[in-house]
Protein chains: 2
Amino acid sequence: MDHTPIACSHHDHDHCIHDALEAARNLCVSRGVRLTDLRLQVLELIWQNHKPLGAYTLMEMLAKANTRRVAPPTVYRALDFLLEQGLIHRINVLNAFIGCPSPGTKHQSHFLICRTCGVAIELDEPTLNQQILQVAKESGFTVETQALEVSGLCANCAGANT
Amino acid sequence: MDHTPIACSHHDHDHCIHDALEAARNLCVSRGVRLTDLRLQVLELIWQNHKPLGAYTLMEMLAKANTRRVAPPTVYRALDFLLEQGLIHRINVLNAFIGCPSPGTKHQSHFLICRTCGVAIELDEPTLNQQILQVAKESGFTVETQALEVSGLCANCAGANT
DNA sequence: GCCAATAGGTTATAGAGTAACATATCTGCC
DNA sequence: GGCAGATATGTTACTCTATAACCTATTGGC
Ligand SMILES: [Zn+2]
Ligand SMILES: [Zn+2]
Ligand SMILES: [Zn+2]
Ligand SMILES: [Zn+2]
């Protein structure tokens, strides 16, 4: 069974970017929130590839793209907005941010993270979510957010070593 | 079904501390590594309760306990040692560290974290681990480490609100 | 006792994130 | 259009977390 994630495959990534920005625009319109130039630009930079980017990396990228310098609070506010709207996720173990391929649908933050190439693959496994909720319930715990961060080697990078 | 975790129950916590330090001593002896005064003291401080503590909080506690000031690298080196030996876990979402109740047995880092009282409950659910490995395998991903951090309200804190 | 290895001390700095306040931009209303 | 309140961004300064680099002390085998 070969379910190689798109992030690890050769693919038309312009398509990923386009879809993500389109979905973001639609969501923000439907919610009546403002996807400003800055927010859109940060989202676009995050989607440059399937690897999580740190806030300060994004700052540098913004500085190069914009000529103008951007201070930390500016980029963090944009990131906060994108997080609130579910357009990106935060990868705690990396202090970094990555675009969500399915914003709008309520879901948790479950990732496979390759330590070699840096790709982060978002999982969509309702049964995993269910089992986590079940385990928490047995301890009388009320779940608000989940973060599953699995680190290791993606299919490409594991294959390269054999 | 009431499986209230020990961390959320009234319990003889001296017993928790004693067991943890005893287990640590035994493990380090059997592995031929040195559980120095500093490392033991840091581990003991971490075990003061069932709440993750930050490195700088530990530094302050050390300073008070020791009279001598301790600089960041000192405490981080002790933490690195304890992490390597599996005596503590790192809670990424909090940038904090917590004692492991079952060191020596190879296992992953799965926690329920209460946002109100700060308690972190370590899960021991082999089936959850298995399911995560299965999901990763389907993506061709080689798992090295897992970090599941579920945030919400523990049984005590959820109950207090009703 | 001596040497190599390991652990800890010290200083400085990098990296991540926020508080507080000023300015600009947008939106709805007159 | 012009105004007022709300929202968004700019700016400065700072806190918290973590590590690099180098030096000294301690340990354990020979
Ligand atoms: Zn893509
Ligand atoms: Zn990879
Ligand atoms: Zn206890
Ligand atoms: Zn609680």
Side-chain angles (χ1 to χ4, degrees), chain A residues 24-25 28-29 31-46 51-63 65-85 87-98 118 147 149, chain B residues 24-25 28-46 51-63 65-85 87-98 115 118 147 149:
Chain A
R25 269 186 279 258
C28 289
V29 167
R31 288 173 182 166
V33 295
R34 287 161 58 190
L35 187 60
T36 62
D37 284 352
L38 177 67
R39 291 165 175 175
L40 184 62
Q41 196 178 4
V42 170
L43 182 60
E44 190 172 1
L45 289 173
I46 286 179
K51 306 175 186 182
L53 294 177
Y56 281 71
T57 304
L58 287 166
M59 274 180 55
E60 286 174 23
M61 294 167 81
L62 277 174
N66 278 347
T67 336
R68 75 177 173 202
R69 249 191 79 55
V70 191
T74 300
V75 70
Y76 275 102
R77 280 186 290 234
L79 290 169
D80 286 345
F81 171 86
L82 296 171
L83 283 171
E84 276 167 25
Q85 299 302 324
L87 297 169
I88 62 174
H89 293 284
R90 182 171 201 282
I91 306 293
N92 292 316
V93 75
L94 298 177
N95 293 333
F97 304 86
I98 190 167
E149 300 177 358
Chain B
R25 269 186 278 259
C28 288
V29 167
S30 76
R31 289 174 181 166
V33 296
R34 288 161 59 190
L35 187 60
T36 61
D37 284 353
L38 177 67
R39 291 164 175 176
L40 184 61
Q41 196 178 2
V42 169
L43 182 61
E44 191 172 2
L45 289 172
I46 286 180
K51 305 175 186 183
L53 294 177
Y56 281 71
T57 304
L58 287 165
M59 274 180 56
E60 285 174 25
M61 295 167 82
L62 277 174
N66 278 347
T67 335
R68 76 178 172 201
R69 247 190 80 54
V70 191
T74 300
V75 70
Y76 275 102
R77 279 188 288 235
L79 290 169
D80 286 345
F81 171 86
L82 296 171
L83 283 170
E84 276 166 24
Q85 298 302 322
L87 297 169
I88 62 174
H89 293 284
R90 182 170 202 283
I91 306 293
N92 293 315
V93 76
L94 298 177
N95 293 332
F97 304 85
I98 189 166
R115 72 166 153 83
E149 300 177 359

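Below, read A as the first sequence line, B as the second, and so on, with proteins coming before strands; counting in each chain starts at 1.
- A:L35 has its CG atom 15 Å from the C1' atom of D:dT7, to the nearest Å.
- Heavy atoms only, all atoms of each residue included: B:A96 and B:G54 are closest at CB-N, 3.9 Å.
- Remark: C1' of C:dA7 and OH of B:Y76 are 19 Å apart, rounded to the nearest angstrom.
- In this structure, B:M59 atom CE and D:dT15 atom P are separated by 15 Å, rounded to whole Å.
- The two residues A:C28 and A:L87 make their nearest non-hydrogen contact at SG-CD1, 4.3 Å.
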Exercise for the section: Kindly determine whether A:R39 and A:R77 satisfy side-chain contact (heavy atoms from CB on, under 4.5 Å), including the steps that lead there. Expected result: CA-CA 9 Å; A:R39 291 165 175 175; A:R77 280 186 290 234; over 6 Å; no

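- Here the shortest heavy-atom pairing between B:N66 and B:Q41 reads OD1-NE2, 2.9 Å.
- Residues A:L79 and A:F97 come closest through the heavy atom pair CD1-CE1, 3.7 Å.
- Atom CG of A:N92 and atom P of D:dT17 are 14 Å apart (whole Å).
- As a whole-Å value, the separation of B:L79 CG from C:dA7 C1' is 15 Å.
- Between B:V33 and A:L94, the residue whose closest nucleotide on DNA chain C is further toward the 5' end is B:V33.
- Rounded to an integer number of Å, the gap from CD of A:E84 to P of D:dT7 is 13 Å.
- Judged by distance alone, with hydrogens and angles left aside, the side-chain atoms of A:E149 form a donor-acceptor pair with the main-chain N or O of A:N92 at under 3.5 Å.
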Exercise for the section: Sugar-phosphate means primed atoms, P, OP1 and OP2; the rest is base. With that split, encode nucleotides 8-15 of chain C 5' to 3' as B, S or - using protein heavy atoms under 4.0 Å. Expected result: BBBB----

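- Put simply, CZ on A:F81 is 16 Å from C1' on C:dT25, counting in whole angstrom units.
- Atom C1' of nucleotide C:dA7 and atom CD of B:Q41 are separated by 15 Å, given to the nearest angstrom.
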